A.B. asks: 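Shown below is the structure under consideration.
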Amino acid sequence: MTKIATWNVNSIKARLGHVCDWLQEFGPDIALLQEIKTVDDTFPRLEIESLGYNVGVAGQKSYNGVAVLSKTPFEIEQTRLPGEDEDEQARYLEIVTETDAGVIRAASIYLPNGNPPDTDKFAYKLRWMDRLIEHARGLLALEEPVVLGGDFNVIPQDEDCWDPTVWEDDALFRPESRNAFQRLCHLGYTDAFRTFHPEPGAYTFWDYQGGAWQKDHGIRIDHLLLSPQAADLLVGSEIDRNPRAKQKASDHTPIWCELAPVRYAEAAA
DNA sequence: ATGCCGGGCGAAGCCCGA
């Protein structure tokens with residue numbers, strides 16, 4: 001079995017203790033991290049390698065930054081999302097590794113927030129999503145198990161937030177954002193968590209403000225999208241709320257999926 | 001609720017997040 005998790009940690013330095021605890025307790029085979037907020041040279045590589053992980057980093061000073069941690073060694077395929085050479089923001093890192101479930105291509109994605117919606121930030125978000133769709137379309141042609149995981153900054157449907165009216169005009173919930181997310185899925189990618197959990201009220205983010213966590217006023221914006229070859233291996237997906245409950249927590253919590261070697265996946269289906 | 005938290009940077013207060 002191969003466990004693949006994604007977590008926006010909101011600074012790897014501020015969250016190193018929690019991340020190490022989670023790696024030891026949950027033990028993902030592949031962990032996709034976002035908002036590490038540091039450059040490659042200052043990423044706490046040794047601490048994480050000492051827990052048995054290979055580390056890949058696409059970092060940036062102060063903002064953004066993504067990483068991949070994997071128990072199995074990997075090749076780095078992309079350190080930026082293709083399609084806009086001037087884009088310097090570190091929001092995409094793609095690797096290929098051989099796991100117990102076979103060769104898997106995985107990408108750590110930190111999709112732009114896009115607020116406020118009447119600014120270039122929103123235009124940048126939508127351009128970034130178009131670029132992601134084009135790249136994801138190309139990956140499908142490889143006919144490999146692909147996992148696109150990360151903070152997509154998109155609330156896909158009404159049931160993915162506690163009060164849709166509050167989010168109505170937010171870049172995370174605007175029709176343009178949701179439409180682009182839907183176009184991405186409709187290429188042939190499966191939302192791993194939704195496959196097992198059609199019910200509303202499952203969240204991955206709770207604002208630090210206004211007691212959002214205590215009131216369970218959250219949104220589901222962290223996703224794992226699987227190519228058909230990966231979806232065929234999918235045997236489970238859950239949100240791990242424990243890290244969000246701790247002191248000095250990230251405002252996001254991990255979400256994971258489990259892929260099985262093909263003969264086990266067939267038996268479970 | 002466009003900043004009530006919380007992090008980075010850098011040493012006070014601003015930028016940014018969702």
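These numbers come from a predicted model, not from an experiment.
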A.B. asks: Where do A/D169 and A/P117 come nearest, in terms of heavy atoms and distance?
C.D. replies: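 Looking at all heavy atoms of both residues, the closest pair is O-CG, 3.2 Å.
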
A.B. asks: Tell me, with the steps shown, if A/D151 and A/Q34 meet side-chain hydrogen bond (donor to acceptor under 3.5 Å, both in side chains).
C.D. replies: CA-CA 7 Å; A/D151 176 1; A/Q34 301 85 38; over 6 Å; no

A.B. asks: Residues of residues 14-23 of chain A with any non-hydrogen atom less than 4.0 angstrom from an atom of DNA chain B: list those, numerically ordered, please.
C.D. replies: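 Going residue by residue through residues 14-23 of chain A, the ones with a heavy atom under 4.0 Å of DNA chain B turn out to be A/A14, A/R15.
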
A.B. asks: Heavy atoms under 4.0 Å, any strand shown: does A/N153 hit a base, just sugar-phosphate, or nothing?
C.D. replies: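 Contact class for A/N153: sugar-phosphate only.
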
A.B. asks: Considering only atom C1', compute the distance from B/dA12 to B/dG7 and round it to an integer number of Å.
C.D. replies: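 Rounded to whole Å, the distance is 16 Å.
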
A.B. asks: Any chance you could lay out the salt bridge (charged side-chain N to carboxylate O under 4.0 Å, His left out) test for A/R183 and A/D130, step after step, and finish with the verdict?
C.D. replies: CA-CA 9 Å; A/R183 281 187 283 127; A/D130 283 341; 3.5 Å; yes

A.B. asks: What donor-acceptor contacts under 3.5 angstrom involve side-chain atoms of residues 22-32 of chain A, with partners at least two apart or in another chain?
C.D. replies:
unit_1	atom_1	unit_2	atom_2	d
A/D29	OD2	A/K3	N	2.7

A.B. asks: How close or far is atom P of B/dC15 from atom CD of A/Q89, stated in whole angstroms?
C.D. replies: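 Going from A/Q89 (CD) to B/dC15 (P), I get 17 Å.
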
A.B. asks: Between the protein and nucleotides 9-14 of chain B, are there any N/O to N/O pairs under 3.5 Å, and if so, what are the atom names and distances?
C.D. replies:
unit_1	atom_1	unit_2	atom_2	d
B/dC9	OP1	A/S62	OG	3.4

A.B. asks: Whether A/D207 and A/K215 form a salt bridge (side-chain N of Lys/Arg under 4.0 Å from carboxylate O of Asp/Glu) is what I want to check.
C.D. replies: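 Salt bridge: no.
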
A.B. asks: Write down the distance between CD1 (A/I36) and P (B/dG8), rounded to a whole number of angstrom.
C.D. replies: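 Taking atom P of B/dG8 as the reference, CD1 of A/I36 is at 12 Å.
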
A.B. asks: Would you indicate what A/H252 reaches in the nucleic acid, counting non-hydrogen atoms under 4.0 angstrom: base, sugar-phosphate, or nothing?
C.D. replies: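 A/H252: backbone/sugar contact only, no base atoms under 4.0 Å.
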
A.B. asks: Here's a test of your reading of the structure: between A/Q209 and A/S11, which maps to the more 5' nucleotide of DNA chain B?
C.D. replies: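 Upstream on the strand: A/Q209.
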
A.B. asks: Name the nucleic acid region contacted by A/Y110, choosing base, sugar-phosphate or nothing; use a 4.0 angstrom heavy-atom cut-off, strictly under.
C.D. replies: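 Sugar-phosphate, backbone atoms only, no base.
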
A.B. asks: Please determine whether ring pair (Phe, Tyr, Trp, His ring centres under 6.0 Å) holds for the pair A/H217 and A/Y203, giving the CA-CA distance in whole Å, both sets of side-chain angles, and the decisive distance to 0.1 Å.
C.D. replies: CA-CA 9 Å; A/H217 290 176; A/Y203 310 131; 8.9 Å; no

A.B. asks: Figure out the OH/P separation between A/Y63 and B/dG6, and round it to whole Å.
C.D. replies: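 Spelled out: OH on A/Y63 to P on B/dG6 is 19 Å.
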
A.B. asks: Could you measure between the two P atoms, the one in B/dA11 and the one in B/dG6, and give it in whole Å?
C.D. replies: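 Nearest-Å result for B/dA11 against B/dG6 at atom P: 24 Å.
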
A.B. asks: Please report, rounded to the nearest Å, how far the P atom of B/dG17 is from the CZ atom of A/F122.
C.D. replies: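 Between P of B/dG17 and CZ of A/F122: 14 Å.
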
A.B. asks: Indicate, with a heavy-atom threshold strictly under 4.0 Å, whether A/N8 touches base, sugar-phosphate, or nothing.
C.D. replies: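 Contact class for A/N8: sugar-phosphate only.
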
A.B. asks: Write down the distance between CG (A/D170) and C1' (B/dG3), rounded to a whole number of angstrom.
C.D. replies: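 It is 13 Å, rounded to the nearest whole Å.
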
A.B. asks: For A/K121 and B/dG17, is the shortest distance between a side-chain N/O and OP1 or OP2 below 4.0 Å?
C.D. replies: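 Answer yes for this pair, as a side-chain N or O of A/K121 is under 4.0 Å from OP1 or OP2.
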
A.B. asks: Does A/R15 come within less than 4.0 Å of A/D21, counting only side-chain N to carboxylate O?
C.D. replies: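 Looking at A/D21 together with A/R15, the answer is no, because their closest N to O distance does not fall below 4.0 Å.
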
A.B. asks: Could you state the OH-P distance from A/Y208 to B/dG17, rounded to the nearest angstrom?
C.D. replies: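 Taking atom P of B/dG17 as the reference, OH of A/Y208 is at 14 Å.
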
A.B. asks: If we take the P atom in both B/dG3 and B/dC14, what is their distance in whole Å?
C.D. replies: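 About 13 Å, rounded to a whole number of Å.
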
A.B. asks: Can you check the distance between B/dC16 and B/dG10, where both ends of the measurement are the P atom (answer in whole Å)?
C.D. replies: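 That atom pair is separated by 15 Å.
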
A.B. asks: Among A/D222, A/N10, A/T6, A/T204, whose side chain to side chain donor-acceptor pair (under 3.5 Å) with A/H252 holds?
C.D. replies: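 The residue from A/D222, A/N10, A/T6, A/T204 that satisfies side chain to side chain donor-acceptor pair (under 3.5 Å) with A/H252 turns out to be A/D222.
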
A.B. asks: Provide, to the nearest angstrom, the distance between the CG atom belonging to A/N10 and the P atom belonging to B/dG8.
C.D. replies: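 Those two atoms, CG and P, are 8 Å apart.
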
A.B. asks: Could you tell me the separation between the CG atom of A/D251 and the C1' atom of B/dC5, rounded to a whole number of Å?
C.D. replies: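 Atom CG in A/D251 sits about 9 Å away from atom C1' in B/dC5.
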
A.B. asks: Which part of the nucleic acid does A/D151 contact within heavy-atom distance under 4.0 Å: base, sugar-phosphate only, or nothing?
C.D. replies: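 Sugar-phosphate contact only - A/D151 comes under 4.0 Å of backbone atoms but never of a base.
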
A.B. asks: Here's a test of your reading of the structure: between A/D207 and A/I12, which maps to the more 5' nucleotide of DNA chain B?
C.D. replies: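 Whichever sits nearer the 5' end wins; that is A/D207.
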
A.B. asks: Taking the six-membered ring for Trp, is the centroid-to-centroid distance between A/H135 and A/Y92 below 6.0 Å?
C.D. replies: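 Here the rings of A/Y92 and A/H135 have centres that are less than 6.0 Å from each other.
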
A.B. asks: So does A/D87 pair up with A/R131, basic N to acidic O under 4.0 Å?
C.D. replies: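 Yes, charged N to carboxylate O under 4.0 Å.
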
